[in-house]
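Reading through the structure tokens given below for one structure.
A note on names: the letters A, B, ... follow the listed sequences, proteins ahead of strands, and every chain is numbered from 1.
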There are 2 protein chains.
Amino acid sequence: MAGRPRSFDRDAALGAALEQFWRTGYEETSVAMLTSAMGVTPPSLYAAFGDKRRLFEEASTVYFQRTCEAVDLAAALPSARAAVARVLDDTARAHTDPATPAGCLMLTEPRLEAQREVLRRRLKDRLDQGVRDRDLAASTNTDHLASFLVAVLRGMSGSARDGATTEDLLGIAETAMGAVHQVDRADRVVGD
Amino acid sequence: MAGRPRSFDRDAALGAALEQFWRTGYEETSVAMLTSAMGVTPPSLYAAFGDKRRLFEEASTVYFQRTCEAVDLAAALPSARAAVARVLDDTARAHTDPATPAGCLMLTEPRLEAQREVLRRRLKDRLDQGVRDRDLAASTNTDHLASFLVAVLRGMSGSARDGATTEDLLGIAETAMGAVHQVDRADRVVGD
DNA sequence: GTCAATCAATAGCGATCGCTACAGAATGGA
DNA sequence: TCCATTCTGTAGCGATCGCTATTGATTGAC
């Protein structure tokens, strides 16, 4: 029944595929690049992962779950403002980590729109909680603010791909924080 | 000396190429897609524009000049804050204009990094002028603010490609404005 | 040891990639 | 009119694309 065991570590190969997709994006990554990065021949790749699209989906799911864990960790902070600051700070550092490709696969890859919407939704939920906790102004438009934050994160990812440094991204993050508790100026003055 | 005249309008063909590049990006746009969009056969394309890369450069230069004109128009507004608001508002509308592809070629295409840097520089110059005019706080970090604005514009472009509406982008733009004159909170309170 | 099952590697499929050789059509100058 | 020149379209170049038929190697079950 049981035949010859596979000669490579599936998880390690998946990780290598993720890094390649991360570095060059879905369309620009050829199967030849993947097999080279994974140390696997094409038939093994297709036997283990189906096809290029499914390999990408599996790899991007790993990536997505990592991202969600980081966001959940930040969301656990006591105030919405602190949570947002943490997400922005983490992102600035992660996007320029020399140990990984620049930028963020989830924010850069066109076909991961659904994951971006999930991220947006999580941010909005945390902001809504912040409004209930009264650490954000009651008049805060959390929809706009969440979309704004995703846009900033995405912009940071693009800047990182263009060669921005950690300090550049931290500057963007710090500037973006200026928009977080100031959606309604009357409330801001009162609230402070 | 003069041989057979070309049978197509070069500028019109260039415009069609621009739209195709705008819609699908450089790498994802094949020469076959270009010839189809331009109504021209491959040899005519190569005779008139050199090769795919040079055609892209010519088309993106047209696009870049249009963008610069719009930014210069906004920069002519009396206050830096008004200029930034205008750029954000224009961008929100342009990125969702049904007459053109969603998003912005200059902000989305990886190989147009140099143009993004020029845009960033123009924004920074206008912000510096705003500091000199005292309509921005003296402590404003115009480098960070300019990088932030490019990141937001870029995020808006990506959101538009994901299907965001004009209203979505206007919400992002409005939220981003909250970060413009609030870089230093002490100055903000005094200044208002 | 034998066999069924599962893997790995070579080699190459049809399609598309960016690009061009070639030949015919259309022009202005002599 | 005839030629040099330039454009146009067909047809196809070599390379790469995503993917797979085929074969031989390696395993556990019996």
Side-chain angles (χ1 to χ4, degrees), chain A residues 1-63 101 105 108-112, chain B residues 1-63 101 105 108-112:
Chain A
M1 293 302 177
R4 171 180 178 178
R6 75 160 48 94
S7 64
F8 60 92
D9 182 337
R10 191 178 188 280
D11 285 344
L14 184 60
L18 168 58
E19 181 164 336
Q20 189 62 53
F21 279 130
W22 190 352
R23 199 181 307 275
T24 51
Y26 180 79
E27 295 291 348
E28 289 74 16
T29 301
S30 70
V31 174
M33 295 164 74
L34 289 167
T35 56
S36 171
M38 300 163 77
V40 156
T41 56
S44 297
L45 186 157
Y46 282 87
F49 300 103
D51 58 14
K52 181 188 171 186
R53 186 182 53 80
R54 272 177 287 179
L55 172 59
F56 174 77
E57 282 169 6
E58 198 169 332
S60 60
T61 297
V62 170
Y63 190 94
L105 178 66
T108 308
E109 178 59 46
R111 52 178 59 210
L112 296 182
Chain B
M1 292 299 183
R4 174 177 176 176
R6 79 160 47 93
S7 64
F8 59 93
D9 182 335
R10 193 180 186 281
D11 286 343
L14 185 60
L18 167 58
E19 182 163 335
Q20 189 62 52
F21 280 128
W22 190 352
R23 198 179 310 276
T24 51
Y26 180 80
E27 295 290 348
E28 290 74 15
T29 301
S30 70
V31 173
M33 294 164 73
L34 289 168
T35 55
S36 170
M38 300 163 78
V40 156
T41 57
S44 297
L45 187 156
Y46 282 85
F49 299 103
D51 58 15
K52 182 188 171 187
R53 185 182 55 80
R54 272 177 288 180
L55 172 58
F56 174 78
E57 282 169 6
E58 197 168 335
S60 60
T61 296
V62 170
Y63 190 95
L105 177 66
T108 307
E109 179 59 45
R111 52 178 61 210
L112 295 183

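- Contact check on B:R54 versus B:E58 returns no salt bridge, with no Lys/Arg side-chain nitrogen under 4.0 Å from an Asp/Glu carboxylate oxygen.
- In this structure, B:E28 places its CD atom 19 Å from P of D:dT16, rounding to the nearest Å.
- Phosphate proximity of D:dT8 to B:S7: present, with a side-chain N or O under 4.0 Å from OP1 or OP2.
- For B:L34 and C:dT16, the CG to P distance is 16 Å, given to the nearest whole Å.
- Taking the six-membered ring where the residue is Trp, B:W22 and B:Y63 present perpendicular rings, their angle passing 60° and hence far from 30°.
- If you take CZ of A:F8 and P of D:dT26, they are 17 Å apart, rounded to a whole angstrom.
- As rounded to whole Å, 11 Å separates atom P of C:dT20 from atom CG of B:L45.
- Within the 4.0 angstrom heavy-atom criterion, only backbone atoms of the sugar-phosphate kind lie near B:P5; the bases stay farther away.
- Comparing C:dC19, D:dT8, D:dC19 against the side chain of B:D51 picks out C:dC19 as the nearest.
- Candidate nucleotides D:dT10, D:dC19, C:dA8 were compared by shortest atom distance to the side chain of B:T41, and D:dT10 ranks first.
- At the heavy-atom level, B:T35 lies nowhere under 4.0 Å from the strands shown.
- Following rounding to the nearest Å, B:Y26 (OH) and C:dG18 (P) show an atom-to-atom distance of 8 Å.
- Each of C:dC17, D:dC19, C:dT10 was ranked by its minimum atom distance to the side chain of B:A32; first place goes to C:dC17.
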I'd like to know whether A:E28 forms a side-chain contact (heavy atoms from CB on, under 4.5 Å) with A:M33, so could you lay out the CA-CA distance, the side-chain angles of the two residues, the decisive distance to 0.1 Å, and finally the verdict. CA-CA 10 Å; A:E28 289 74 16; A:M33 295 164 74; over 6 Å; no
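- Remark: C1' of C:dT16 and NZ of B:K52 are 12 Å apart, rounded to the nearest angstrom.
- For the pair A:A16 and A:A37, the tightest heavy-atom approach, listed with the atom from each and the gap, is CB-O, 3.5 Å.
- Under the 6.0 Å distance and 45° angle rule, A:R53 does not count as a cation-pi partner of A:F56.
- Across all strands, B:S30 comes closer than 4.0 Å only to sugar-phosphate atoms, never to a base (heavy-atom distances).
- Rounded to whole angstrom, the span from the CZ atom of B:R6 across to the P atom of D:dT8 amounts to 7 Å.
- Note: OH (A:Y46) to P (C:dT10) measures 17 Å, nearest angstrom.
- Considering only side-chain N and O atoms, A:S44 lies nowhere under 4.0 angstrom from the phosphate OP1 or OP2 of C:dC7.
- Of the two residues contacting DNA chain C, namely B:R4 and B:P42, the nearest-nucleotide position lying further toward the 5' end is that of B:P42.
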